[in-house]
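To keep things clear, I will list the structure first and then write my remarks on it.
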Protein chains: 4
Amino acid sequence: MNIALIGLGNMGLGIGHNLLGAGFTLTVFNRTQGKAQPLLDKGARWAASPREAAAGAQLVLTMVADDNALLAVCEGADGLLEGFEQGAIHASMSTVSNALVERLAPLHQQHGAVLLGTPVFGRPDAAAAGKLFIVAAGPAGALERARPALEAVSQKLFVVGEQPQQAALVKLIGNFLLTCVIEGLGEATALAAKGGIEPKALLEVLTGSIFNAPVYHTYGKLIVEQQFEPAGFTVPLAAKDNRLVLQAAEALHVPLPFASIVRDRFIRAQAQGKGEQDLSSISALAREDAGVKR
Amino acid sequence: MNIALIGLGNMGLGIGHNLLGAGFTLTVFNRTQGKAQPLLDKGARWAASPREAAAGAQLVLTMVADDNALLAVCEGADGLLEGFEQGAIHASMSTVSNALVERLAPLHQQHGAVLLGTPVFGRPDAAAAGKLFIVAAGPAGALERARPALEAVSQKLFVVGEQPQQAALVKLIGNFLLTCVIEGLGEATALAAKGGIEPKALLEVLTGSIFNAPVYHTYGKLIVEQQFEPAGFTVPLAAKDNRLVLQAAEALHVPLPFASIVRDRFIRAQAQGKGEQDLSSISALAREDAGVKR
Amino acid sequence: MNIALIGLGNMGLGIGHNLLGAGFTLTVFNRTQGKAQPLLDKGARWAASPREAAAGAQLVLTMVADDNALLAVCEGADGLLEGFEQGAIHASMSTVSNALVERLAPLHQQHGAVLLGTPVFGRPDAAAAGKLFIVAAGPAGALERARPALEAVSQKLFVVGEQPQQAALVKLIGNFLLTCVIEGLGEATALAAKGGIEPKALLEVLTGSIFNAPVYHTYGKLIVEQQFEPAGFTVPLAAKDNRLVLQAAEALHVPLPFASIVRDRFIRAQAQGKGEQDLSSISALAREDAGVKR
Amino acid sequence: MNIALIGLGNMGLGIGHNLLGAGFTLTVFNRTQGKAQPLLDKGARWAASPREAAAGAQLVLTMVADDNALLAVCEGADGLLEGFEQGAIHASMSTVSNALVERLAPLHQQHGAVLLGTPVFGRPDAAAAGKLFIVAAGPAGALERARPALEAVSQKLFVVGEQPQQAALVKLIGNFLLTCVIEGLGEATALAAKGGIEPKALLEVLTGSIFNAPVYHTYGKLIVEQQFEPAGFTVPLAAKDNRLVLQAAEALHVPLPFASIVRDRFIRAQAQGKGEQDLSSISALAREDAGVKR
């Protein structure tokens, strides 16, 4: 199977390595060519544009920064839409708005291609290890054809519906719940600290009992140690995802009171000039409100 | 070691069985004697009052409904305080306010006893199986003396501080975070449903990836299946714990915006006459707000 | 008509002067006698206790700090309840919980007296000028008998029901709405400032158009000028009233999301050590969140 | 002075009548010509496009529905920008985003015109009576030249800054505070009703004392009488303004917790199919939450 991969940031690179490792023929494109070298060294072919990358590929994977980047990759004279082979599948792995995916799906159809929503949970280290979680949605046939490649880069693939935008929405919901965990832990550790309890001791209780999930381990550690730099995922990027979930919810007429509270945290963190910090740094605001020293 | 156990509800009974099974000599008291029969049948001794139960016991465990019940068990002519042996240890396993524990600790000292805070995480089935999680705080020596008995009824014991009220506060914080999970899942499933995604499919993604913790499995299932009766823990009881954590936070000057949102959910559920439902039923309010049908 | 007046703080003193000015025979009591001197100089009689003050009075007015103070004035061997003449009327002008008023009403009846709820809107200068607004509730007959005295100290008297606790609740609701105005103006001025608009110019638009009410003039000025000391009404006192309205609402199963947000502001202000500032100082927190300089 | 008026809805019509009444020469344009008839009958001239309307006008007033409508009026071959006389002034009276005004200002300059922000407070009856409140911002010279016309249609004109977008922002802030009053009154009347107090009696206390402002009279009446149709201003329109103020605040990094709560009310009202109701109908949600009957 010939695969094209567009977007070679930390996530895309890991994905590319795993695809090559699994024996797929890989063509790659990235806005800055330099990033591609490690993959070219292992046998990937360089394409001068998304359009060129799509030529001859049965499957195109994209892993780009946001809605604008995905649009730029798809549209225009050099875009994917102009390059797709008949029957090609585009698996969009980026975290983007469900509205954009919903808008792109019929455009793909008009160009003889099929769009899948296949966003992922996992940080760059998981991408490198082929241990991503993939949330997938789209036409069943296309999904099955893409499955071997998707499984080569993930530890688990969840199918949540037949419309690609459903996967986009599930991804936004997952990110929303992640921010709820962070805010909850922020408030919890602030209260613990004021009550004379070591936040670390609180976290051990939580992760040692009914809150024993990766999200509490990973973010709980950052919060307890107040280690917000270097950022795994910065406040402005997390604020963007928060905006996307609130917009999706507004369009579907769903109030999300927890998301609004988190929104105010992100805004406040940015007003304080903490744009370079990890999203877990909003937990410090609950401590600030409570007058916790240190 | 002679142990007295006060409070034989669903939780207390399970604890009693495990203490007897571990070979401890057990004296029991309960407001209504009938509940005690299964333990008496297995060799426990009946006491006519908390005071009488305390006589001769090196360790007294209490597992009662709330602050008022704990106060009633401690104070008065028939109360524990009048019955403690010199050097006796009282391990309070109930979920009560940290303020009450802080107030009771010096009273215990005045009566020659030591108060430990040893509240638990776990439902009645965990108590029956000896699989509770115990959060413990208090003077280290007393805690070590009580440890064998506490370990006999739990799968894990966490020590969080030397003041018994610290364990009470950690327990309230844990319950608070649990309600945050419920509210978060309520909002998440409402959005999923409006977006055409089966809540069950969403939950599988969450619990199959980074939210793989008992609290998401247990409550996620209740929420997705909207199975709110029979209640494991009713809305008014959960509302009481919410009130306790908000009071603790207010006294320590800690804003808890998430807890306030949950508070409004509990109040609204009660205004709708849902007092008999499980606390997870507040998740239905997010769906109601979003106009989700069914 | 013989009137007794209990509580000679800034509010009580103004009320006393106006009663004397209107020709009523006045007996006064205060915890510290010194405060009474200005009224004694103008002809008031001193009583050694609430009970003694009530003797011979057809109408007793109380204006004390809070629930505890009102309870202390009513109960005990020296309390009002022991001193009431048959048919005496007690008009409670303090801001207290509706729950306390509801509890005190039947106790008054048992002692042959009638309790009216008659809390007031207005600061000490309004009390001095006889320009208070009185919210009154209670049995109609008693209310009419008390009316001449109440009108002597107010510019307007509103009757809201036949149960004295209803007036207490209306007062709490009024104070709640006042804090909503303050929070709203806090957020509004923060946004204006970040948008390059003078908060003073914004306030002129508001109070010059559809927000032309005393509450916007009075508090808007404090907020725009950030003049929070000396306090007209301190943060902890306002926090107490916020607690009372939230408790009343919880007991009646009424969610008050705005009150919860204000609650967090008061808690945060106290965590920052701003307990001595005026309640309007919570407006500064919105500016702090937004990173407004100065 | 030759004036052009674009947009002849209920607001624009009232403005047009007052301009004619004050003796100004008036050219009008509206998307549907029929609406213009009453003004043409009184001597206004019809223009076939915004561009044509602008020809020969020293002052152009626009009063259109939203950002898109204002953009459509300004841009394109038939737009205002192509029609402006050298030195023409455009006073934008619509409620639109400050971001759009900020974007349009330099475009005006490039076409030799000056943009003023001159949004209004007041409903159609106030427009008809020439009793609007105008919030104005822009270059001082242009503002003074426009003043006679603006004063002919208003009872008061407030100048808030020299950048036209500042007036747009003040208008959004005013609308935000209006929704805070509505939500506050919704919560307040819900609590009153559950406490056995007639909401009408509560409102009389408020508007008769420190909340004696038009906004409490007007909206208080609608809320107490639960008269939400016909709508003066519908929920979706109010939701749009709420979105604009939240976007403005987000761009300036200003958290607005009250606006987020109101946002959820508007979303919920729309989820319940109440899109045709007046914005004051969100007050009914607080009553619904509290289980108020009727």
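Note on naming: letters A, B, ... go to the chains in the order of the sequence lines (proteins, then strands), and numbering restarts at 1 for each one.
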Side chain from CB out, backbone as N, CA, C, O: work out which of these in [X] comes under 4.5 Å of a heavy atom of chain D, or both, or neither.
| X | result |
| --- | --- |
| C:V215 | both |
| C:L206 | side chain |
| C:L177 | both |
| C:F258 | both |

Pick whichever of [options] has the most heavy-atom pairs under 4.5 Å with chain D.
| options | answer |
| --- | --- |
| C:L169, C:L172, C:I261, C:V181 | C:I261 |
| C:G291, C:P257, C:A290 | C:P257 |
| C:V160, C:L191, C:I173 | C:L191 |
| C:I197, C:L185, C:V262, C:L202 | C:I197 |

Across chain C and chain D, what donor-acceptor pairs are shorter than 3.5 angstrom?
{"residue": "C:Q166", "atom": "NE2", "partner": "D:G196", "partner atom": "O", "Å": "3.1"}
{"residue": "C:E187", "atom": "OE1", "partner": "D:F258", "partner atom": "N", "Å": "3.2"}
{"residue": "C:E187", "atom": "OE2", "partner": "D:F258", "partner atom": "N", "Å": "3.1"}
{"residue": "C:K194", "atom": "NZ", "partner": "D:L252", "partner atom": "O", "Å": "2.9"}
{"residue": "C:G196", "atom": "O", "partner": "D:Q166", "partner atom": "NE2", "Å": "3.1"}
{"residue": "C:I210", "atom": "O", "partner": "D:V215", "partner atom": "N", "Å": "3.1"}
{"residue": "C:V215", "atom": "N", "partner": "D:I210", "partner atom": "O", "Å": "3.1"}
{"residue": "C:Y216", "atom": "OH", "partner": "D:Y216", "partner atom": "OH", "Å": "3.1"}
{"residue": "C:L252", "atom": "O", "partner": "D:K194", "partner atom": "NZ", "Å": "2.9"}
{"residue": "C:F258", "atom": "N", "partner": "D:E187", "partner atom": "OE1", "Å": "3.2"}
{"residue": "C:F258", "atom": "N", "partner": "D:E187", "partner atom": "OE2", "Å": "3.1"}

#### Entry: ring-ring contact (aromatic ring centres under 6.0 Å, His included) involving D:F176 - partner list, sequence neighbours excluded
none

Taking every non-hydrogen atom, the tightest pair across [X] and [Y]:
| X | Y | result |
| --- | --- | --- |
| C:A259 | C:L246 | CB-CD2, 3.8 Å |
| D:V235 | D:A269 | CG1-CB, 4.2 Å |
| C:A238 | C:F266 | CB-CZ, 3.5 Å |

#### Entry: Side chain / backbone / both / neither for D:F211 at chain C, heavy atoms under 4.5 Å
both

### Options D:V135, D:L178, D:V254, ranked by heavy-atom pairs under 4.5 Å with chain C, top entry
D:V254

### Worked check of side chain to side chain contact (heavy atoms under 4.5 Å, CB included) between C:L222 and C:I182
CA-CA 10 Å; C:L222 296 172; C:I182 292 171; over 6 Å; no

### Task
Mind running side chain to side chain contact (heavy atoms under 4.5 Å, CB included) on C:V170 and C:F158 for me, showing each step along the way?
CA-CA 10 Å; C:V170 167; C:F158 304 89; over 6 Å; no

